[in-house]
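For reference, the structure discussed in these notes is given below.
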Amino acid sequence: MPESKRLFFAIELPAPVQRKIVRWRAEHFPSEAGRPVAAANLHLTLAFLGDVSVEKQRALAAQAGRITQPEFTLQLDDAGQWLRSRVVWLGTRQPPRGLLQLANMLRAQAARSGCHQSPQPFHPHVTLLRDAGQAVAIPPPGFQWAFPVKEFALYESVFARGRTRYTPLQRWTLGNTQRNSDEV
Ligand code: 2AM
């Protein structure tokens, strides 16, 4: 069988934001609420690709490299739970246009390359707890953690020894105005 990897495009969270999230989560959710996502695995998915062959990975990476999108600021100021997917998440009340455009482009490229895309609209979120099948009280986020997003990454998801680890394989910089102006 040809080698394939489980891949997705995502935004990395800065380590200080990951630490703040973990502290906030520990203060507000009892351990039985769900399975906490490890700090280093906290991220915001832009497009899920599924199991992808080496050739398709190359093609998707080349297409991602052609995206020219401005940087934007992401503000985590919302939280909720989806009982159907059994997750508790953090999100943003007003997703910046740059975030939506970036996700739409990556999702469209993925669909054109034959990666099945969920028919659900993109709802930017950072999953905090998994297996959260019972409704839990979601405290109003007493925070407004904002950080600049200057790049996005292609991640591999590997499950080994009972743990999932997300590893960035490749990164692309946003706000490549030089390339834009070169094309003019
Ligand atoms: P989740 O956090 O909402 O579960 C790696 O698994 C990332 O890809 C996670 O952020 C996960 O979203 C997302 N993901 C996994 N399976 C997916 C699917 N079938 N459709 C869309 N996103 C998926």
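Below, all heavy atoms of this structure are taken into account, side chains as well, without hydrogens, waters or symmetry copies. Numbering of ligands and ligand atoms starts at 1, following listing order. None of these values were measured; they are calculated from a predicted model.
S113 pairs by the side-chain hydrogen bond (donor to acceptor under 3.5 Å, both in side chains) definition with Q63, not counting sequence neighbours.
In this structure, F48 has its ring center at least 6.0 angstrom away from the ring center of H116.
Classified by interplanar angle (parallel below 30°, tilted 30° to 60°, perpendicular above 60°), the ring pair W172/F152 is parallel.
Within 4.0 Å of ligand 1, heavy atoms belong to protein residues F8, H43, T45, F48, H125, T127, R130, Y166.
Between V136 and Q81 the shortest side-chain heavy-atom distance falls below 4.5 Å. Within the 4.5 Å cutoff, side-chain heavy atoms of L74 are placed close to those of T92.
A single hydrophobic cluster is not seen to contain both V52 and Y166; linkage of ILVMFWY side chains at heavy-atom distances under 4.5 Å, directly or through other members, places them apart.
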